[in-house]
Amino acid sequence: MSTATATPTAAPATAAAAERTGARTDEAADLIGNARERIDSLDDRIIGLIQERMAVSAVIQEARITSGGRRVNLSREMEVLGHYRDALGKPGTALAMTMLELCRGRI
């Protein structure tokens, strides 16, 4: 006669933790909650950097226009798009396009 060994199972997550994170255990819910806090902090930093980039871009555009040039330098934008594509793949191009759109024409 053989006896089956019981496998330990993780305790189910509280309903609130499962609702908030989609996790099935309290441990996973804690890990997800902590990771989400880190993501929120990173997002705040990314937003701040984009806002800083917008301000610098406005300075460049103002100098270009004041000197008789065009507001947008398309060859420079292509360099930026290539840089993001090389670093992040095809989705990087879309990200760069959105960032460039945010930075254009603020003056």
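What's counted below: heavy atoms across the whole structure, side chains too, no hydrogens, waters or symmetry copies.
Remark: Ser67 engages no residue in a side chain to side chain donor-acceptor pair (under 3.5 Å) (not counting sequence neighbours). Evaluation of the side chain to side chain donor-acceptor pair (under 3.5 Å) rule for Thr21 yields no partner, not counting sequence neighbours.
Residue Leu95 belongs to a hydrophobic cluster whose other members are Met78, Val80, Leu81, Tyr84, Leu88, Met97, Met99, Leu100, with links defined by side-chain heavy atoms closer than 4.5 Å.
Residue pairs meeting the salt bridge (Lys or Arg N to Asp or Glu O under 4.0 Å) criterion with at least one partner in residues 72-93, sequence neighbours excluded, are Arg76-Glu79, Glu77-Arg104. Listed by first and then second residue, the salt bridge (Lys or Arg N to Asp or Glu O under 4.0 Å) pairs that reach into residues 44-59 come to none, sequence neighbours excluded.
Atoms SG and CD1, from Cys103 and Ile60 in turn, are 9.5 Å apart once rounded to the nearest 0.5 Å.
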### Message
Assess the residue pair Asn73 and Ser75 against the criterion (side-chain contact (heavy atoms from CB on, under 4.5 Å)); give the C-alpha distance rounded to whole Å, side-chain angles, the decisive distance to 0.1 Å, and a yes or no.
### Response
CA-CA 6 Å; Asn73 181 334; Ser75 64; 2.8 Å; yes
Solution key, residues 29-43 side-chain donor-acceptor pairs under 3.5 Å, sequence neighbours excluded:
residue: Asn34; atom: ND2; partner: Asp30; partner atom: O; Å: 3.3
residue: Arg36; atom: NH1; partner: Arg20; partner atom: O; Å: 2.7

